[in-house]
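Take a look at the structure below.
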Amino acid sequence: MPKELEKQYNPHGAEDRIYKMWNDGGYFTPSGKKGEPYTIVIPPPNVTGQLHMGHALDDTLQDILIRFKRMNGYDALWVPGTDHAGIATQIKVEENLRKEEQLTRYDLGREKFLERVWDWKNKYGDRIISQLKKLGCSCDWTRERFTMDEGCSEAVKEVFVNLYEKGLIYRGHRIANWCPNCKTALSDAEVDNPEQNGFYWHIKYFVKDSDEYVVVATTRPETLFGDTAVAVNPEDERYKHLVGKCVVVPFVNREIPIITDDYADMEKGTGCVKITPAHDPNDFLVGQRHDLEQINVMNDDATLNEIAGKFCGMDRYEARKQLVSELEEMGVLVKVEPTVHNVGECYRCGTTVEPLISDQWFVKMEPLAKPAIDVVRDGTIKFIPENQSKKYFNWMENIHDWCISRQLWWGHRIPAYYCDTCGKMVVSKTDVDVCPDCGAPMRQDEDVLDTWFSSALWPFSTLGWPNDTEDLKKYYPTSTLVTGYDIITFWVSRMIFSGLEHTGKAPFDTVLIHGLVRDELGRKMSKSLGNGVDPLEVIDKYGADALRFTLVTGNSPGNDMRYSDKKVEASRAFANKIWNAARFVLLNLDEDTKAEIPEKLELEDKWILSLYNEAVKGITENLDNFELGVASKKLYDFIWDYFCDWYIELVKPRLFEKGTDSNKRAQSVLAYVLSNTLKLLHPFMPFISEEIWQTLDLEKEPIIVAEWPKYCDCLNFEAEEKAMDKIIEAIRAIRNRRAEMNVPPSKKAKLIIVTNASDVYNASTSVFFEKLASASEVVFADGCDDDKSVSIGTDSAKFFIPMSDIVDTEKERARLTKEKETAEKEIERLEKKLGNPEFVAKAPEKVIAGEKEKLEKYTAQLKNIEEMIANL
RNA sequence: GGGAGCUUAGCUCAGCUGGGAGAGCAUCUGCCUUACAAGCAGGAGGUCAUAGGUUCGAUCCCUAUAGCUCCCACCA
């Protein structure tokens with residue numbers, strides 16, 4: 001029994017109700033029995049806070065793919081989960097602690113602090129999950145994971161130990177980026193390098209026991225306490241006589257040698273460079289080559305230490321200021337030169353990082369990078385759009401060893417154990433309490449692993465690895481990874497080499513890359529700008545379907561997009577349009593109407609079925625090729641322009657005439673096209689499509705598991721499609737002409753059709769002109785006797801509307817003449833083109849046929865117009 | 001310094017591996033036509049950044065230039 005729908009679609013209530021129905025019905029969990037597997041693992045959102053627009057885009061794309069594949073009979077699995085996000089979360093919790101209780105993590109101690117972080121995780125992790133549900137994500141919640149849950153932790157230990165045993169993880173006393181605020185080492189990838197205004201301070205270093213001096217320049221004068229050499233280029237004639245001598249570092253009065261190293265660039269500055277191995281990555285390498293002492297002058301909070309003498313305890317910037325002024329007083333400050341340089345900043349807290357030497361763990365990258373490059377090179381893994389792979393190659397081919405230890409508390413503790421008695425170190429999956437060598441107690445490494453270390457394992461750790469589980473066997477390798485271009489290096493690259501190294505397989509076959517969602521002005525959405533748009537608020541206001549459709553339409557792979565409410569409004573209007581189309585259909589459907597194609601079809605039925613068929617083909621191909629935006633646009637056009645604006649209008653006369661066979665058949669076609677179109681719509685707008693589907697009540701199963709429509713040659717009605725197009729063209733031309741003359745639609749008038757195309761214009765198609773072109777009646781004739789009539793000429797017919805009261809013959813003549821000229825110009829162009837022997841010889845047949853057809857059309861139209869002018 | 005992307009209607013953007021460019025919004029005109037005013041019908045609005053090249057034919061391919069955005073590396 002057809003039910004009635006509200007006049008406007010109201011997503012509230014409906015969305016939660018439908019989501020619950022899907023969830024309770026177990027539709028998100030793959031049956032595991034039939035169908036090829038199709039797997040996506042979600043890029044796990046950080047538990048730091050809440051979903052933003054970027055997540056909404058990312059997850060919408062994934063949900064579209066999952067729903068599409070599910071409807072196509074795949075055993076579709078979408079694994080959800082969240083990321084512990086080491087630094088980010090720890091900072092959040094610490095901030096919170098400071099604000100709420102004026103406590104630091106040290107006040108609480110490691111164990112108590114971690115309890116707080118877990119509380120935070122539980123609270124915000126749940127919030128994120130509920131947000132994903134609001135968006136309509138059809139994740140399999142029975143398989144929800146967390147990067148620090150038991151299974152993922154097991155995987156992390158397994159990987160760490162494996163890599164260590166293979167010699168691919170090592171511990172080194174090396175220079176690394178240090179965040180003095182977070183008090184941890186950072187990988188290169190975790191350091192931003194924005195431009196900043198700064199200075200070069202040129203400082204004199206006197207040669208020992210001499211009046212001679214060299215001038216070195218530095219942007220960080222406070223590091224001079226750690227200088228252990230001055231380097232010049234071996235080719236530099238200016239300083240040859242000084243090599244081997246010593247200069248004296250101001251303040252500390254340390255004597256340091258002048259050495260030669262290629263690192264010193266003769267072109268830069270004075271050609272002399274001070275070497276501070278403990279505070280600069282390049283200097284560190286120079287220091288290694290020359291066996292220089294590494295003098296650390298800083299504490300872990302970037303205050304200077306006792307090496308700095310009276311500057312001890314001062315913050316680096318304060319010390320710098322005072323140092324500079326004292327250097328000036330001493331007369332050794334030669335020059336202060338303003339400059340713009342890139343300064344490393346912690347990507348989480350923005351504090352300027354300090355290169356410091358410490359004990360850190362590293363992954364040896366070179367052997368891992370090679371196979372990872374190969375699988376993308378040979379197409380085992382495909383990036384979409386393809387040019388995004390360049391970013392990947394660029395990074396992989398210039399890879400540095402990966403610093404994986406972090407001096408944080410929140411994260412996977414490094415499974416290394418030390419014996420303070422005999423110095424033994426053990427790396428082990430299981431806890432080691434007692435030294436195997438001397439029996440003394442062992443302590444575990446205090447540090448935790450970089451967050452990305454566990455994220456890198458996500459595609460297989462979530463499926464049960466290192467255990468050989470059923471899930472792993474069935475769903476790994478996964479199929480598609482959907483993510484933004486901003487984390488290709490952070491994450492995608494690391495998943496690829498990890499997958500290859502630990503499972504022997506590439507973790508996915510396709511990487512679908514999208515861009516950023518920016519604000520209306522094209523700025524990155526950020527907390528500091530306060531320009532972020534909360535997806536939940538948008539969903540609340542416009543509905544999840546509208547947001548989803550906005551994000552997918554008009555967005556192409558790899559490109560950024562701007563968010564604006566206007567766009568969502570347009571999507572909501574689309575949802576409402578579908579809603580009302582369905583409402584209309586329901587109002588006109590009999591109880592027993594079935595959504596099937598009747599044997600006998602009218603012209604307009606064949607027309608819409610043919611267009612529907614093409615839509616199925618196009619949309620399916622687009623989705624198969626990850627052209628989601630193009631697919632959604634096609635669907636939009638089909639639904640709005642063809643189904644609503646034309647087909648529904650065309651069948652109204654039949655629908656309003658109850659009790660006839662024609663009426664019944666119109667109902668069937670309407671129901672057929674609508675219900676199948678809803679299926680096409682479902683991946684994009686899951687809620688409204690389900691809501692209408694349930695109301696239509698055609699099948700028992702919900703639309704989420706309905707079968708995706710198939711293209712069929714049997715619905716290919718080329719001739720009828722063309723005939724109907726001619727009628728539509730004629731109706732448009734008539735409306736057009738009436739509008740030009742300001743004739744209101746309510747003013748009906750007789751329409752005389754002069755034509756040979758009786759297959760197109762006949763008694764059964766006349767009704768279209770009456771309904772849609774304001775014809776009071778349609779008369780077929782050989783010509784029009786009334787000289788005061790509006791004339792319209794298409795290629796298939798001449799139309800006359802006698803309207804003596806408003807027709808000005810001369811104006812008609814002018815108008816027709818203009819149309820004639822347009823047609824002539826087109827004909828001239830086409831004749832020229834077709835007259836070009838090279839074009840005819842080289843262009844593909846299809847193109848030539850198309851041009852010929854156009855020529856015929858314009859020729860026929862010209863003939864009609866000319867005859868009408870002659871008859872005026 | 002190396003690399004990538006972008007430049008199409010007033011605005012935001014599509015354009016499916018070269019055959020006379022589209023949408024939404026905005027704007028203008030006319031409509032409360034019994035699904036929808038979140039709507040209907042119609043109009044106006046583009047040397048597809050610039051200059052060359054390839055081609056029968058270029059918004060699309062190549063080269064150069066300009067402007068914008070981003071990534072990587074790095075300078076004392």
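Protein chains get the first letters and strands the later ones, always in sequence-line order, with residue 1 at the start of each. Everything numeric here is computed off the predicted structure, so don't read it as measured data.
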Measure the distance from CD on Glu520(A) to C1' on rC25(B) and round it to the nearest whole Å. 11 Å
Regarding the side chain of Arg829(A), the nearest nucleotide among rG20(B), rU12(B), rG2(B) is rG20(B)
Are any non-hydrogen side-chain atoms of Val517(A) and Val533(A) less than 4.5 angstrom apart? no
Nucleotide of rG5(B), rC25(B), rG19(B) approaching Asn387(A) most closely (side-chain heavy atoms): rG5(B)
Using atom CG of Asp192(A) as one end and atom P of rC74(B) as the other, report the distance to the nearest whole Å. 14 Å
If you measure from the C1' atom in rU54(B) to the same atom in rG15(B), how many Å do you get, rounded? 23 Å
Tell me what Thr270(A) touches on the nucleic acid: a base, only sugar-phosphate, or nothing, going by heavy atoms under 4.0 Å. nothing
If I pick the P atom on rC60(B) and the same atom on rG24(B), what distance separates them, to the nearest angstrom? 26 Å
Is Ser556(A) touching bases, backbone alone, or none of the nucleic acid, heavy atoms closer than 4.0 Å? sugar-phosphate
Euclidean distance for C1', rC6(B) against rU12(B) (whole angstrom): 14 Å
Would you classify Pro844(A) as touching base, sugar-phosphate or nothing, given that sugar-phosphate means primed atoms plus P, OP1 and OP2, and contacts are heavy atoms under 4.0 Å? base
Looking across every strand, which nucleic acid part, if any, lies under 4.0 Å from Ser564(A) by heavy atom: base, sugar-phosphate, or nothing? nothing
Might you confirm whether atom CD of Glu366(A) has over 12 heavy atoms from other residues, nucleotides or ligands at distances under 6.0 Å? no
Pro277(A) and side chain to side chain contact (heavy atoms under 4.5 Å, CB included): which single residue from Asp227(A), Val286(A), Thr228(A) fits? Thr228(A)
Check this for me, if you would: do Glu354(A) and Arg220(A) make a salt bridge, where the nitrogen-to-carboxylate-oxygen distance has to be below 4.0 angstrom? yes
Spacing of Arg562(A) atom CZ relative to rC6(B) atom P, expressed in whole Å: 15 Å
Spacing between Asp560(A) atom CG and rC68(B) atom P, to the nearest angstrom: 17 Å
Could you tell me how far apart Leu635(A) (CG) and rC16(B) (C1') are, to the nearest whole angstrom? 16 Å
With side chains defined as the heavy atoms from C-beta onward, is the minimum distance between Glu649(A) and Lys771(A) less than 4.5 Å? no
What distance, rounded to whole Å, do you find between the two P atoms, one in rA64(B) and one in rC11(B)? 30 Å
So, is the end of the Lys577(A) side chain (NZ or CZ) under 6.0 Å from the ring centre of Tyr636(A) and within 45° of the ring's axis? no
Using a 4.0 Å heavy-atom cut-off, does Lys567(A) contact any base of the nucleic acid, only the sugar-phosphate backbone, or nothing at all? sugar-phosphate
Does a side-chain heavy-atom distance below 4.5 Å link Tyr647(A) with Val669(A)? yes
Relative to the ring of Phe574(A), is the ring of Trp640(A) parallel (under 30°), tilted (30 to 60°) or perpendicular (over 60°)? parallel
Rounded to whole Å, the CD-P distance (Glu851(A) to rG19(B)) equals 11 Å
Touch check for Val216(A), heavy atoms < 4.0 angstrom, all strands: base, sugar-phosphate only, or nothing? nothing
Do we see a donor-acceptor contact under 3.5 Å between the side chains of Tyr542(A) and Asp540(A)? no
Which part of the nucleic acid does Ala843(A) contact within heavy-atom distance under 4.0 Å: base, sugar-phosphate only, or nothing? base
Within the 4.0 Å heavy-atom criterion, would you say Lys390(A) contacts the bases, only the backbone, or no part of the nucleic acid? sugar-phosphate
How does protein reach along nucleotides 34-43 of chain B, written 5' to 3' as B (base within reach of a heavy atom under 4.0 Å), S (only sugar-phosphate), or - (no contact)? -BBSBSSSSS
If you draw the axis of the six-membered ring of Trp201(A), does the NZ or CZ of Arg320(A) fall within 45° of it and under 6.0 Å from the ring centre? no
Rounded to whole angstrom, note down the P distance from rA35(B) over to rG10(B). 38 Å
Value in whole Å for how far the C1' atom of rG18(B) lies from NZ of Lys842(A): 15 Å
Take atom C1' in rA21(B) and the same atom in rG57(B), then report the distance between them in whole Å. 16 Å
Check every atom of rG2(B), rU12(B), rG15(B) against the side chain of Val630(A) and return the nucleotide holding the closest atom. rG15(B)
Please report the closest heavy-atom contact between Ile513(A) and Pro385(A), naming both atoms and the distance. O-CD, 3.9 Å
Expressed in whole Å, how much space separates the C1' atoms belonging to rG2(B) and rA73(B)? 7 Å
Could you tell me the separation between the CE atom of Met396(A) and the C1' atom of rC72(B), rounded to a whole number of Å? 14 Å
Mapping Val743(A) and Lys633(A) onto RNA chain B by nearest heavy atom, which one lands closer to the 5' end? Lys633(A)
What distance, rounded to whole Å, do you find between the two P atoms, one in rG43(B) and one in rC36(B)? 25 Å
How is Ala264(A) classified with respect to the nucleic acid when contacts are heavy atoms under 4.0 Å: base, sugar-phosphate, or nothing? base
For a quick test of reading the model, state the closest non-hydrogen atom pair linking Glu770(A) to Lys748(A) and the distance between them. O-NZ, 4.2 Å
Using a 3.5 Å limit on both pairing distances, list the dot-bracket string of RNA chain B from the 5' end; Watson-Crick and G-U wobble pairs count, crossing pairs take [ ], interstrand pairs take |. (((((((..((((.....[..)))).(((((.......))))).....(((((..]....))))))))))))....
